[in-house]
Structure formats: structure tokens, C-alpha cells
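Data first, discussion second: the structure below is written as C-alpha cells.
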Amino acid sequence: MKDFLIDIRKILSEATLRTTIVVVALLMMGSAVKAQTESDTTMVTAGVDSTEVVYRELLTSKIHLLVRPYGDKVVLRWVPEDYVSWLFLVRDGVNVLRQQQGSVKIDTLAYALKPWTEEQFRSKYPTTDNDAMVAMGVLYGEGRMQENQTEEEPGTAGANIELNGEQDISFGFAMLVAEWRRDLAEAMAVGLTDNTAKRGETYDYYIQPTVWDNGGKVIFEPGVREGVRNEAWKPGKYEPVITDSLVSPRRSILRWVDTEHSSFEIDRRTKGEKEWQRVNARPYLTMVETDVKGLSLMSDSVDHNGLWEYRVMGHDPFGELTDPSPIHVVNYYDIEPPLPPQLKYIVMDHPEKELNKKVLAHIVWQNPDPENQFDDVTGYVIKYYNENVSGPQWQVITDELIPVTDTVYTIDVTRLKTGMICVAAYDQSGNEAMSLPQLIRITDYKAPEPPDSLHAEVMKDGYVILTWQPNPIDDDIAGYDLAFANDESHEFLKLNDLSILERGYVDSLSLDVNQKYVYYKVRANDYSGNVGAWSDSIRVTRPHITPPSEPHLAASTHDDIKGMHMEWVVGTDADMTYHMLYRRLGEEGEYEVIGRYDADSIMKKGTYNIVVDDNPPYDRQQRYYYYMESFNSSPYTSNSLAVSWLHRGPKVYEVKIDLAGDYMKKSDQVKLAWSVDKLPFDAPYYYCVYRKRANENGFVYQMSVQPEDMTYLDGQLKDGEEAEYYLMIQWKDGRQSTPSNTVKVKKVKD
């Protein structure tokens, strides 16, 4: 049915930004249309009683038609592509035609069928009939936005977009109520019941505009349904797969996928009851846009936990409901946790003389709801967290469930380390509520190990970023000390007055001190006052502001075939780090790096020369530029002067050209033709033709031939005269190919 229906979801989501409606799935008359064969041509009748058949090509605005036989009647439903097409059909009406198979007669079921007038609507439907009011609204503007009610200035493009969005939404809802109610579909002239169709007979049905718009504003493709056999309709099974998830206590989200229906009725009942309750007051449409086509999401809340049964029925395009879906059972179990206890304080106790021999913790908490402290709660547990001990999970450290009447619990924490403690309450359904955690500091007399991975990153402006990691076996680190020295043999001095709480520190170095290196080391201290040993020291090279020595070009040669040979001399500075070679094509191009050379590797070779051979792509028009840049630990670099060459490449390229020639008697001309293998490069070119007559000492250029021609005609030879020919390729930048083979052609006439 999806081919039959307009994608109203897209219309309603894109047409207006000021409405809260995001998606409305409309008129999913769905994939059943595909099951009813459509012809590639459309039958159109010229008048009411005419039997003349005219075939037209597929047009730009289609009237979608769906037909359902019942045996005693046939019901037709159709819908135009969009709101604009709808306006033309409302204005001029449609013809509904029928042709019984085997007959040449075309019956007119309706001529210039138009919607009811406003007076007819009001005489039949009360204002309390919301569906009828929607139909009237799209037809006669009842309750719709007027031109002077737009947020944008009336008459502007923005105001027109607002009005168009309002019209599309009204049209979408009108087609939706036509799906719900057959009487409104016929009142809006998008439906018709054929009560004269004979049982067992086969018919073709056609919907066409009464007036063909030859002016090109809206050109319609009529709706066609062929081979409709009038037999009793048998509804198929409706079996969407329903799933659910609980999102809060006694509230669930139901999900199902249905690409054939756009609106639904949902029933529920508690398991064991006979009567169903309708969940939705109006036909249900999902209001959530998802990536899954046809996905419906519905939220429902119930008044008590337990097993609840649900079923879904879909509205089809003919105003009927599908059979109920298979029953889906939702288990609303208790997922509401109890109120969490309030952890008040923790008292540490050392019952023996040796402080580190046995440590007890007295944990005190309070029930948050004293009046209902026993309601649903089964007991408490104590939980402990230390990632180095139990990983990233909380660990239960009580062997039993603490009674709900208790608010104090003593536990042995001798084997534990400093970490976090909380009290967790459990209810009869296993739901858990944890108190806010508190830090438990367990005193020890073991100094922490030296920190790991001391690392320094030096900035050119003199700042040093120092970072480190605590030793994995230490979990109660309170802070760190950092020390420095200008030499490892010197006494290290502490950088910090207060303990460093983070695992990093930024130091500032003077750039004018005559010391090349600075040394750092770090140590940790814990909450028990134990101070650890220093880590191994690391060496940092002090930055400076002196630029490196300038590189320069000592020697160079160039060959159009082999490319450039360069010898660069670079500085011997002790803190030189690396050198970069750059290349640029043309005067205004961007330089690219074509080489990076480590300074230490160069100096280890005992030479300060960098030899470079570079053979870039040939370019006969622009020069290549090169320069070298040197880097050291200062914030500055040094550049050489630039050197350039015009790298032309070879002038002559070997190309296989097969030339053939013959005298054409009919046209009295010599005709040359040739074929060429793959060219060595892509550039503009042409062919040059050369000729040598018997009385000439050498070949003479005749003319150029464009690449796409590949033939040459010569009508200058005399009777009995013989000439030799060859050709070659000439590129517009001056390069050329090797010559083709030479052919001889003699002009011989009967």
C-alpha cells in the first residue's frame, strides 16, 4: 500500500516548524497496491458515454487508486499526490469509470464527482463530529490559518511557506479521517461504492480528472486498477510483532512495526479478565520519528503491577479495522527502589595496642522514612569501593543481610585499604537503593612506593609540564612532592611548599641560564602521614631562544630526465634537532615537505652535508623551487635561500603509431588512416601529417589533424604520381612523439 499513499509523515514534519506534530503516518494503503497490477499506460475517456480509448504517457501528478471487492459491491478509494493536486480535483471533479472485461463498453459510475458542499456537511454532521469538522476544514477553510495570521509578514516568502505547511497538514489529516470513515471518504470525493457490480465478474476501474489541464499547471496521471474480480473479501491475519520495555514503575513502551497501516486501536486488560479496555480515545498514530520504517511507539501506564494483555488493530484504507493481533503480555513488576538510607558517620576503632593489627569500623545510618521503615524493605548491606582492590564495581563486605530495624553495624576492615563506604537497602523485588558514599580512611604505617612514569614536556617559552602516575599498589595517596636540581650530583630542592594534589605540575625555567639540563624527581605521601621514597630522576633539556645556524646549498646539478641533484650544508649546533626540505611548483603554489632529516643521524656520519636527488613530475611551463629549514630547541628556525629549476623532461616520446594509406578512386583522393597506442601522458595534442613527392628531396609538412579525426585526405597527386607519407604527434607544450611508419601511395586511375 505504500505506493498508494502519500508520505504524510514527510509532509507534516517538513511543512511546518511551528507545530508540535512531528510525524503523522497517513493513509498507509500500503503494499496492497503493488499486488494490484498497474499498467504502464493509462486509459482516459473523453466523455460520459464515449467508448473511445486514448493512451497517454505517464504524467506528472498521479491519482492513486485502490479497490476492494466484497461480492455484493466494490469499494473504491483514491487520493491525489499533494494538496495542490487536490485543489484542482476539488474544483473540477473526477470521473469514475468502469469497464467489464470482455466488453467494449465503458460505464461511467460518476461524472464530475466533487466533495459535498459546506451546507451538505453541516446538514448531516454536527459540530461535535471532529472527523467531519476536519474534512470541512480542508475543503472550506474552517478553523485554518488565514493570510493575516502568519508569523512572517503577510505576502512574503516566509508567510507563504507557513500557509503551505498549514494546508499540507490539513490535507494530511483530511485524508487520514477518510481512512477511518468510509462515509467521509465519499463526502470528500475520495471514495465511492459501486453497488452495481455483479458478483463473480471482473472489472477494470479508472479515476480521471473531469477537466484535463492542458495549460501545464497540474497534469494528472489517472488512477487505474485492472482485473478486479468481485468476490467476497477475506481479511488476512494481522500479526505484527509487539515488544515492550518498562521505563518507570507501572509504565511501559509498546513497539511494533507495520508498514501497511498508519493508525491503530489498542486494547488492554489484566490477565484473566474477559473484557477489553480501549487504551486510546482516538485512533492512535505514533508521534515519534525513527529510523525504522513503520515503527510505532506507544506509552501506557497502569494502576497496579502484574500481568497485562495487549492487542493491536490497524485501520485500513476502506474504513475497516483489521482482526486483532495476537495477544502480547506485559509483566509490570516492581522496579521502584526503596528510599535510600542516610549514612551519617563512620567511627574507626583500634581495639588492640598495635594500631595496625586490627581495625574496626562502626557504621551509623538512618532510615529516611521512619514511619514506613519496614514497608517493602527486607534489609541492608554494607558496600565498599576501591578500584585497586575490587575493580570498578562496588563490593558487598557484609556476610549477612542486616535487619531493617538496625541502624548501626560494626565490621572488621583490617585487610581493607582506604576507600568508599555506603549502605544499600533492598526491597522484596530485589530493587536496590544506595546511600551517598563516604570516604573511609584506614590508617597504616607503610610508606607509599615511588610514583611511576615521570614524564616532562618542554615548551619553547620555558614552561615544563611534568606528569606521573601513582604506583598501582598504593590507594591512599594524599599528595606528592616534586624536587629539581641543575645536576644529578647537586642537592635536589623541593619545588612545592604545599602537597601537590594532582598528578602533574607546571614549572617555569629561565631561558638565560648557562645550564643545558634540569633534573626532576617526585615522591608520594599518604593520608597516614607516611612519606615515600623519591622516584628516579629524569633529565630535561633547558630551552633557549638562539636560532639554529642557517643551511645553504653547496652544490647542485639539473637534468631534464634525471631531475635535481642537491647538496645542502647544515649547521653543527649541539642542540640541532632536525632539518626539513620543501618544494613548490610555480610562483604562487604551496610548499610541500619532501624530506625530514634527523640532526643526530647526520652528525653521526661525520658529515654535515645532506644529499638529495629529486625527480618530480615534468612541467614545461613552471619552475620548481626548493629551500631547507633547520630546527633546534629554540622557538625559532633558520631558512636557506630558495633555488629553482625548470624541469622540462624529454622532448620526444616513443609512441607506436600504425599508419595505413590507399588511393580512393571514387573520390579521387589519397586517404590516410591510423591507430595509436596509449599515450605516455595526458596533455592537449594534435597530429602532424608529412608528405614527400618523387621530385622532392624531403618530407614536407602538410597540415595538422585533431585527435578525434584520425584520417587525412590528399587530393593533390597527379595521375600515376606516387608519394610517401608519415605522421607524428605534436603536444601543445612543445613535446612530440616518434614518427609513425612510412606508407607509399600511388594514384592510379583506370
Side-chain angles (χ1 to χ4, degrees), residues 4-6 8 11-12 15-16 19 21 24 26-27 29 63-66 68 73-96 108-149 163-195 207-211 218 220 223 262-263 265 281-283 285 315-321:
F4 174 74
L5 263 287
I6 312 168
I8 299 302
I11 290 177
L12 296 182
T16 176
T19 178
I21 298 176
V24 175
L26 173 62
L27 278 180
M29 288 183 168
I63 301 175
H64 299 269
L65 172 63
L66 192 62
R68 175 179 291 173
K73 60 180 177 291
V74 176
V75 177
L76 286 70
R77 281 280 286 109
W78 62 88
V79 64
E81 291 253 326
D82 50 39
Y83 180 75
V84 175
S85 302
W86 160 259
L87 290 180
F88 278 83
L89 296 182
V90 167
R91 181 192 66 187
D92 300 323
V94 297
N95 298 337
V96 184
T108 301
L109 302 180
Y111 177 74
L113 179 64
K114 297 180 181 180
W116 287 6
T117 65
E118 184 175 1
E119 290 74 17
Q120 288 175 310
F121 267 98
R122 293 192 181 278
S123 65
K124 181 171 181 179
Y125 298 109
T127 56
T128 56
D129 189 335
N130 293 329
D131 294 341
M133 293 304 102
V134 170
M136 288 181 59
V138 73
L139 288 167
Y140 305 112
E142 185 74 18
R144 290 216 314 265
M145 178 189 293
Q146 303 302 314
E147 293 184 1
N148 60 351
Q149 295 175 325
L163 288 172
N164 180 256
E166 175 79 11
Q167 292 164 350
D168 283 341
I169 291 175
S170 300
F171 171 62
F173 274 113
M175 296 302 102
L176 189 62
V177 298
E179 178 178 295
W180 296 340
R181 290 172 52 178
R182 189 179 299 174
D183 61 325
L184 290 178
E186 296 187 0
M188 287 188 286
V190 292
L192 182 141
T193 301
D194 179 9
N195 293 306
I207 305 294
Q208 66 174 36
T210 301
V211 177
V218 176
F220 287 98
S262 61
S263 57
E265 303 292 341
R282 298 283 296 161
L285 300 92
H315 285 275
D316 71 16
F318 296 92
E320 298 185 17
L321 280 175

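Side chains are part of it too, since the values below use all heavy atoms of this structure and drop only hydrogens, waters and symmetry mates.
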- prompt: W116 vs Y125 aromatic rings, parallel, tilted or perpendicular, using cut-offs 30° and 60°?
  reply: parallel
query: Which of parallel (below 30°), tilted (30 to 60°) and perpendicular (above 60°) describes F171 and W86?
result: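 Answer is tilted, since the angle falls between 30° and 60°.
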Taking the side chain as C-beta and beyond, is there a heavy-atom pair between [X] and [Y] under 4.5 Å?
| X | Y | value |
| --- | --- | --- |
| L113 | V96 | yes |
| V138 | Y83 | yes |
| E265 | L321 | yes |
| E320 | R68 | yes |

task: Supply the atom-to-atom distance L66 CG to F318 CZ, rounded to the nearest 0.5 angstrom.
output: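 Interatomic distance, L66 CG to F318 CZ, rounded to 0.5 Å: 3.5 Å.
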task: Please determine if E186 and R182 form a salt bridge, counting it only when a charged side-chain N lies under 4.0 Å from a carboxylate O.
output: no
query: With a 4.0 Å cut-off, would you call R282 and D131 a salt bridge?
result: yes
Testing the basics here: between [X] and [Y], what is the closest heavy-atom pair and its distance to 0.1 Å?
| X | Y | result |
| --- | --- | --- |
| T127 | M133 | O-CG, 3.6 Å |
| R181 | A132 | NH1-N, 4.5 Å |
| S262 | E179 | OG-OE2, 3.1 Å |

message: Hydrogens and angles aside, do D92 and T210 bring a side-chain donor and acceptor to less than 3.5 Å of each other?
response: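 No, because no side-chain N or O of D92 sits under 3.5 Å from a partner of the opposite role on T210.
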